[in-house]
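Working notes for the structure below.
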Amino acid sequence: KSFEESLPVYQIAEDGMMVNAWRYLDPQGSPIDLIEASDGFYTKTYLQVSAEGEAKPLNLPNDCDVVGYLAGHLLLTLRKDWNRANQSYPSGALVAVKLNRGELGAAQLLFAPNETQALESVETTKRFVVASLLENVQGRLKAWRFTDGKWQEVELPRLPSGALEMTDQPWGGDVVYLAASDFTTPLTLFALDLNVMELTVMRRQPQQFDSDGINVQQFWTTSADGERIPYFHVGKNATPDTPTLVYAYGGFGVPELPHYLGSIGKYWLEEGNAFVLANIRGGGEFGPRWHQAAQGISKHKSVDDLLAVVRDLSERGMSSPKHIGLQGGSNGGLLTASAFVRQPESIGALVCEVPLTDMLRYHRLSAGASWIEEYGDPDDETMRPLLAALSPYHNLDAERRYPSVLVTTSLSDDRVHPAHALKFYARLRQSQNANAWLYAPAGGGHTGNGTQEETAAELACILRFLQQSIAA
């Protein structure tokens with residue numbers, strides 16, 4: 001049929017953000033067709049499409065995520081507590097709900113996180129539900145099978161620690177492919193056969209740097225409001241003279257995990273320098289509560305956390321302000337730049353990549369309007385002064401001395417408009433004794449360069465900047 005002859009099923013409101021449709025194939029039952037209509041970044045309505053093409057809304061929380069379907073059950077992850085049929089299911093939980101012709105039936109709680117845990121992702125196989133979890137920012141796995149009328153947890157073989165990602169689940173079987181790594185261990189691909197509970201190594205990434213003498217430690221510090229914030233320290237040395245690169249993201253519920261450092265290991269750690277991964281609030285390291293604690297009116301807490309990590313490094317004698325560099329991209333670029341303008345005396349350099357810097361106009365540039373649920377609306381009278389206080393561009397002081405800065409963007413970035421980086425750089429150049437540089441290629445995009453050569457060139461520029469600013 002032509003498009004004109006097709007059957008209209010659903011149309012989102014004009015002020016809606018996005019609509020998606022997909023089919024779940026259930027190896028233990030019949031397939032279902034779902035529509036996800038998103039009002040914002042975290043709020044949505046799910047609808048089931050009948051054989052006749054009728055879209056019927058499902059009575060689900062408007063901020064939950066449907067992450068799978070197996071044995072006639074929808075699998076949900078919750079951003080907030082869900083009270084239903086005299087039962088309460090906590091924020092961050094994984095719940096299975098029976099679905100029959102658009103009507104929800106009995107629910108069963110599969111996983112509820114404690115204070116140190118988070119649910120990261122979910123996959124379904126022919127017979128199993130598999131969940132990737134975080135435990136104190138280390139990867140874990142759990143699995144369940146529907147037998148005797150209920151979901152029952154099964155015991156899994158011992159798995160590696162660090163970052164653990166489910167990379168593939170071929171349709172029709174019970175094999176899950178896992179990618180595992182940590183700061184000093186190259187990425188390894190495993191096959192996990194859930195029928196026989198056997199873990200097999202498929203391939204290992206070659207070693208990219210000499211990890212002898214490089215220590216990995218997890219520390220905790222206290223933020224401005226008393227919350228304890230974890231961070232990883234990786235390196236051979238931890239003295240006041242140790243050049244230390246602190247990386248942070250802290251947004252959209254995205255966790256930062258112990259990942260193989262590759263080129264940073266080769267050209268930074270081997271030289272005796274250190275790397276720090278700050279697990280600040282706004283990320284997803286400890287589930288929805290960790291994200292929501294630094295969302296909207298509380299977004300400044302991400303910056304508080306980052307500055308607490310920087311302060312802790314100096315107080316422990318593991319580095320010192322003139323040898324500490326901050327690095328962050330996108331939302332991480334916003335937070336590191338905000339920390340930079342708030343306490344420039346606390347650091348020696350900033351690498352600010354594809355950042356947001358103008359928080360009073362971000363919603364009018366590129367995809368910015370879709371992030372209002374994360375940051376708040378600058379047109380709201382309550383939010384505007386809070387966003388003005390967070391905004392790096394508006395808090396630069398021409399009379400104040402700032403450490404060295406490398407600002408990067410892509411002139412082809414269609415997610416975070418390059419104007420954020422360009423305006424921030426231009427105002428930096430007007431400040432007193434500013435050592436500011438701009439790296440702005442025409443190609444690539446928000447998530448990186450177009451070729452390996454371009455990626456290598458940018459990395460070389462960043463490393464050279466760090467060597468000259470905090471490692472000289």
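Note that the structure is a prediction, hence the values are computed from the model and not measured.
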### Query
Within the distance-only criterion (no hydrogens, no angle test), does the side chain of Q208 pair as donor or acceptor with the backbone N or O of G262 below 3.5 angstrom?
no
#### Entry: Selection residues 140-166 - residue pairs positive for ring pair (Phe, Tyr, Trp, His ring centres under 6.0 Å), sequence neighbours left out
H73-F146, H73-W151, F146-W151
### Query
Tell me the salt bridge (charged side-chain N to carboxylate O under 4.0 Å, His left out) pairs involving residues 131-153, sequence neighbours left out?
K142-E153
### Task
With sequence neighbours left out, write down each residue that passes side chain to side chain donor-acceptor pair (under 3.5 Å) with S314, or none if nothing qualifies.
none
#### Entry: Test item: S6 side-chain N/O and F3 main-chain N/O as donor-acceptor pair under 3.5 Å
yes
Less than 3.5 Å apart, which donor and acceptor atoms pair up between the side chains of residues 51-66 and the rest of the protein, not counting sequence neighbours?
| unit_1 | atom_1 | unit_2 | atom_2 | d |
| --- | --- | --- | --- | --- |
| E52 | OE1 | S50 | OG | 3.3 |
| K56 | NZ | E103 | OE2 | 2.4 |
| D65 | OD1 | K44 | NZ | 2.5 |

### Message
As an exercise, state the distance from OH of Y42 to CD1 of I372, rounded to the nearest 0.5 Å.
### Response
12.5 Å
### Query
Under 6.0 Å from the OH atom of Y267, do we count more than 12 heavy atoms belonging to anything else shown?
no
### Query
In Å, rounded to the nearest 0.5 Å, how long is the span from OG1 of T167 to CG of L189?
5.5 Å
### Task
Would you check if the side chain of H420 reaches a backbone N or O of T357 as a donor-acceptor pair within less than 3.5 Å?
yes
Residues 452-464 side chain polar contacts: donor-acceptor under 3.5 Å, at least two apart:
| unit_1 | atom_1 | unit_2 | atom_2 | d |
| --- | --- | --- | --- | --- |
| E454 | OE1 | G450 | N | 3.0 |
| E454 | OE1 | T451 | N | 3.3 |
| T455 | OG1 | T451 | O | 3.1 |
| E458 | OE1 | N449 | ND2 | 2.8 |

### Task
Any chance you could measure Q28, atom CD, to T124, atom OG1, to the nearest 0.5 Å?
10.0 Å
### Query
Step by step, would you call V130 with V122 a side-chain contact (heavy atoms from CB on, under 4.5 Å)?
CA-CA 6 Å; V130 188; V122 177; over 6 Å; no
### Chi angles and distances behind the side chain to side chain donor-acceptor pair (under 3.5 Å) call for T185, D182
CA-CA 5 Å; T185 304; D182 58 38; 2.8 Å; yes
### Side-chain donor or acceptor of S132 paired with backbone N/O of S121 under 3.5 Å
no
### Plane angle bin for Y249 and F252 - parallel if under 30°, tilted between 30 and 60°, otherwise perpendicular
tilted
### Query
Does one side chain, of T43 or E373, offer a donor that lies under 3.5 Å from an acceptor on the other?
yes
### Query
Backbone N or O of S211 within a donor-acceptor pair of the Q207 side chain at under 3.5 Å?
no
### Task
Kindly say whether A179 contributes a backbone atom to a donor-acceptor pair with the side chain of E165 at under 3.5 angstrom?
no
### Message
I want to know whether F41 and Y375 have ring centres closer than 6.0 Å.
### Response
no
### Sequence neighbours excluded, every pair satisfying salt bridge (charged side-chain N to carboxylate O under 4.0 Å, His left out) that has a member inside residues 228-238
none
### V49 and I32: CA distance, side-chain angles, deciding distance, side-chain contact (heavy atoms from CB on, under 4.5 Å) verdict
CA-CA 8 Å; V49 182; I32 61 168; over 6 Å; no
### Query
With sequence neighbours left out, which residue pairs that include part of residues 256-269 fulfil the salt bridge (charged side-chain N to carboxylate O under 4.0 Å, His left out) condition?
K266-E270
### Check: Y177 and M166 side chains under 4.5 Å, non-hydrogen atoms
no
### salt bridge (charged side-chain N to carboxylate O under 4.0 Å, His left out) partners for K80, two or more places apart
none
### Query
Who are the salt bridge (charged side-chain N to carboxylate O under 4.0 Å, His left out) partners of D33, not counting sequence neighbours?
R23
#### Entry: side-chain contact (heavy atoms from CB on, under 4.5 Å), paired with E285, selected from V137, I280, I229, N136
V137
### Query
When rounded to the nearest 0.5 angstrom, what is the spacing between CG in L245 and CD1 in I324?
10.5 Å
### Euclidean distance, D193 CG relative to L199 CG, rounded to 0.5 Å
10.5 Å
### Message
I want to know whether F232 and H259 have ring centres closer than 6.0 Å.
### Response
no
### Task
Determine whether V407 and L350 make a side-chain contact, defined as any pair of heavy atoms from C-beta on separated by less than 4.5 Å.
no
### Message
Checking K301 against D225 for the side-chain contact (heavy atoms from CB on, under 4.5 Å) test, could you report, in this order, the C-alpha distance in whole Å, the side-chain angles of both residues, the deciding distance, and whether it holds?
### Response
CA-CA 8 Å; K301 292 185 178 181; D225 63 353; 3.4 Å; yes
### Query
Which of these passes side chain to side chain donor-acceptor pair (under 3.5 Å) with Y231: D312, N279, T221?
D312
### Task
Output yes when a side-chain donor or acceptor of T125 lies under 3.5 Å from a complementary backbone atom of F128, and no otherwise.
yes
### Summary
In short, side-chain hydrogen bond (donor to acceptor under 3.5 Å, both in side chains) pairs touching residues 84-97 with sequence neighbours left out are N83-S88
### Task
Apply side chain to side chain donor-acceptor pair (under 3.5 Å) to S319 and list each qualifying residue two or more places apart in sequence or on a separate chain.
T244
### Summary
In this structure, CG of L466 is separated from NE2 of H323 (nearest 0.5 Å) by 13.5 Å
### Task
Check for a donor-acceptor pair, side chain of W82 on one end and backbone N or O of P90 on the other, with a separation under 3.5 Å.
no
### Message
With a 3.5 Å distance limit and no angle check, can you tell me whether E36 reaches the backbone of Y46 through a side-chain donor-acceptor pair?
### Response
no
#### Entry: Residues I264, F209; criterion side-chain contact (heavy atoms from CB on, under 4.5 Å); working and verdict
CA-CA 9 Å; I264 292 295; F209 65 94; over 6 Å; no
## Note on the structure
Here the salt bridge (charged side-chain N to carboxylate O under 4.0 Å, His left out) pairs for residues 108-133, sequence neighbours left out, are E115-R289, R127-D174
### Query
Cut-off 3.5 Å, side chains only: do T116 and N114 have a donor facing an acceptor?
yes
### Message
Please check: side-chain N/O of E353 versus main-chain N/O of T409, any donor-acceptor pairing under 3.5 Å?
### Response
no
